[in-house]
Every structure is written in structure tokens, then in C-alpha cells.
Amino acid sequence: MLLRITNISISDRAAEVLDRLRVMFRPQEPGDVFALAYMSSFTEADGTTVNGFRPGYTVHSLAPEGLASSYVLAQPAGAPQFYFMPKFDWSADEQYLIDLASERFEIFSIAPAKNV
């Protein structure tokens with residue numbers, strides 16, 4: 001069963017970018033859903049990190065059949081819902097925050113609010 005996350009909020013700037021990306025979203029395949037996928041690196045041909053890149057979540061087209069139990073459905077107030085795979089153990093007792101990790105690359109951070 002897919003976990004539905006509601007103990008999550010979003011910064012104003014991140015909400016603005018996520019809203020725009022959701023409107024522009026076009027599924028890669030018919031039936032795909034709006035998701036965020038973790039991108040740990042972005043490198044130049046010489047292996048150096050692209051200037052300004054920060055690891056985080058980027059928009060991704062996800063096949064519903066690919067929704068393993070490790071995925072969750074985030075439903076932040078004031079922003080579109082999306083599927084993602086948390087990079088940490090989720091706790092129902094904590095509040096989480098979606099923020100913009102890199103405006104240039106439209107990458108989001110998702111972390112416990114106390115860590116932000």
C-alpha cells in the first residue's frame with residue numbers, strides 16, 4: 001500500500017516553481033504520473049560537478065506500475081501532489097519541508113523541517 005504524506009509543507013518559492021513545472025509536465029508515456037526523482041550528481045565531461053548544481057529532487061515522469069512500496073504520495077498544502085522516494089526514514093510525528101535547492105536547475109530539497 002502506498003503511503004500518503006500530508007505532514008509536509010513547502011516554501012513559497014518552491015511552491016511557485018513546482019506549480020509551474022506541474023503545469024508544463026508532459027508524461028513520457030501515456031498514464032505516467034508527476035513525480036520527483038533524486039538526482040545525486042550532474043557532471044561535466046571531465047568529471048567535475050556542473051557549476052551551481054546541488055543534489056536534490058527533479059521532475060520525473062513515472063509509470064504507475066513502477067510504484068514500489070518505497071514510493072510515497074506527497075500532498076503538500078498549496079502545491080501539487082507528487083510521488084517520490086524519500087532518501088530517509090519517514091516519520092508521521094515530524095513535519096517536513098520542500099524547498100528549492102537549486103533555482104537554476106529546478107531541483108528541490110525535501111527534509112525534516114527542523115533540519116532546514
(message) If we ignore hydrogens and angles and just use 3.5 Å, is the side chain of Asn7 paired with the main-chain N or O of Ser91 as donor and acceptor?
(response) yes
(request) Without swapping roles, check the side chain of Asp99 against the backbone of Ser11 for a donor-acceptor pair under 3.5 Å. (result) no
(request) Spell out, yes or no, whether Tyr38 and Leu100 are grouped together once hydrophobic residues are joined by side-chain heavy atoms under 4.5 Å, including indirect joins. (result) yes
(message) Check whether Asp32 reaches the backbone of Glu29 with its side chain - one donor and one acceptor, N or O, closer than 3.5 Å.
(response) yes
(message) If you apply the rule side-chain contact (heavy atoms from CB on, under 4.5 Å), what do you find for Val59 with Phe82, and how did you get there?
(response) CA-CA 9 Å; Val59 171; Phe82 59 89; over 6 Å; no
(message) According to a hydrophobic-cluster definition based on side-chain heavy atoms being under 4.5 Å apart (Ile, Leu, Val, Met, Phe, Trp, Tyr only), do Met39 and Leu21 belong together?
(response) no
(request) Check whether any side-chain heavy atom of His60 sits under 4.5 Å from a side-chain heavy atom of Phe84, and report yes or no. (result) no
(request) State whether the side chain of Arg22 and the backbone N or O of Gln81 hold a donor-acceptor pair below 3.5 Å, judged by distance alone. (result) no
(message) Pair Gln95, Leu97 - check side-chain contact (heavy atoms from CB on, under 4.5 Å), show working.
(response) CA-CA 7 Å; Gln95 183 65 30; Leu97 178 67; over 6 Å; no
(request) Kindly determine whether Ile110 and Ile8 satisfy side-chain contact (heavy atoms from CB on, under 4.5 Å), including the steps that lead there. (result) CA-CA 9 Å; Ile110 302 174; Ile8 189 166; 4.1 Å; yes
(message) Atom CG of residue position Asp89 - does it have more than 12 heavy atoms of other residues, nucleotides or ligands inside 6.0 Å?
(response) no
(request) Apply side-chain contact (heavy atoms from CB on, under 4.5 Å) to the pair Val17 and Phe108, showing each step before the final yes or no. (result) CA-CA 9 Å; Val17 173; Phe108 302 91; 3.7 Å; yes
(request) Please report the closest heavy-atom contact between Ser40 and Pro55, naming both atoms and the distance. (result) O-CG, 3.6 Å
(request) Please check if Ile107 and Tyr57 belong to a single hydrophobic cluster, counting links between Ile, Leu, Val, Met, Phe, Trp and Tyr side chain heavy atoms closer than 4.5 Å. (result) no
(request) Answer yes if Phe53 and Leu36 sit in the same cluster of Ile, Leu, Val, Met, Phe, Trp and Tyr residues linked by side chain heavy atoms under 4.5 Å apart, and no otherwise. (result) no
(request) Flag the pair Pro80 / Leu18 as yes when at least one side-chain heavy-atom distance between them is below 4.5 Å, and no otherwise. (result) yes
(message) I'd like to know if the side chain of Ser61 and the backbone of Pro27 have a donor-acceptor N/O pair within less than 3.5 Å.
(response) no
(request) Could you tell me which non-hydrogen atom of Pro86 sits nearest to which non-hydrogen atom of Ser70, and how far apart they are? (result) CD-O, 3.5 Å
(request) Examine Tyr96 together with Phe88 and report whether their ring centres are nearer than 6.0 Å. (result) yes
(request) Run the ring-centre check on Phe42 versus Phe105 and record whether the distance is less than 6.0 Å. (result) yes
(request) Only pairs at least two apart or in different chains count here, so list each ring pair (Phe, Tyr, Trp, His ring centres under 6.0 Å) that has a residue in residues 8-35. (result) Phe25-Phe34
(request) Looking only at non-hydrogen atoms, find the nearest pair between Ala15 and Gly78 and report the distance. (result) CB-O, 4.1 Å
(message) I'd like to know whether CG of Asp12 has more than 12 heavy-atom contacts from other residues, nucleotides or ligands below 6.0 angstrom.
(response) no
(message) Between Tyr71 and Tyr83 (judged by ring centroids, cut-off 6.0 Å), do the two rings come close enough to count as a pair?
(response) no
(request) Verify the neighbour count for atom CD of Glu44: are there more than 12 heavy atoms of other residues, nucleotides or ligands below 6.0 Å? (result) yes
(request) Only counting residues at least two apart or in another chain, list the ones meeting side chain to side chain donor-acceptor pair (under 3.5 Å) with Thr58. (result) none
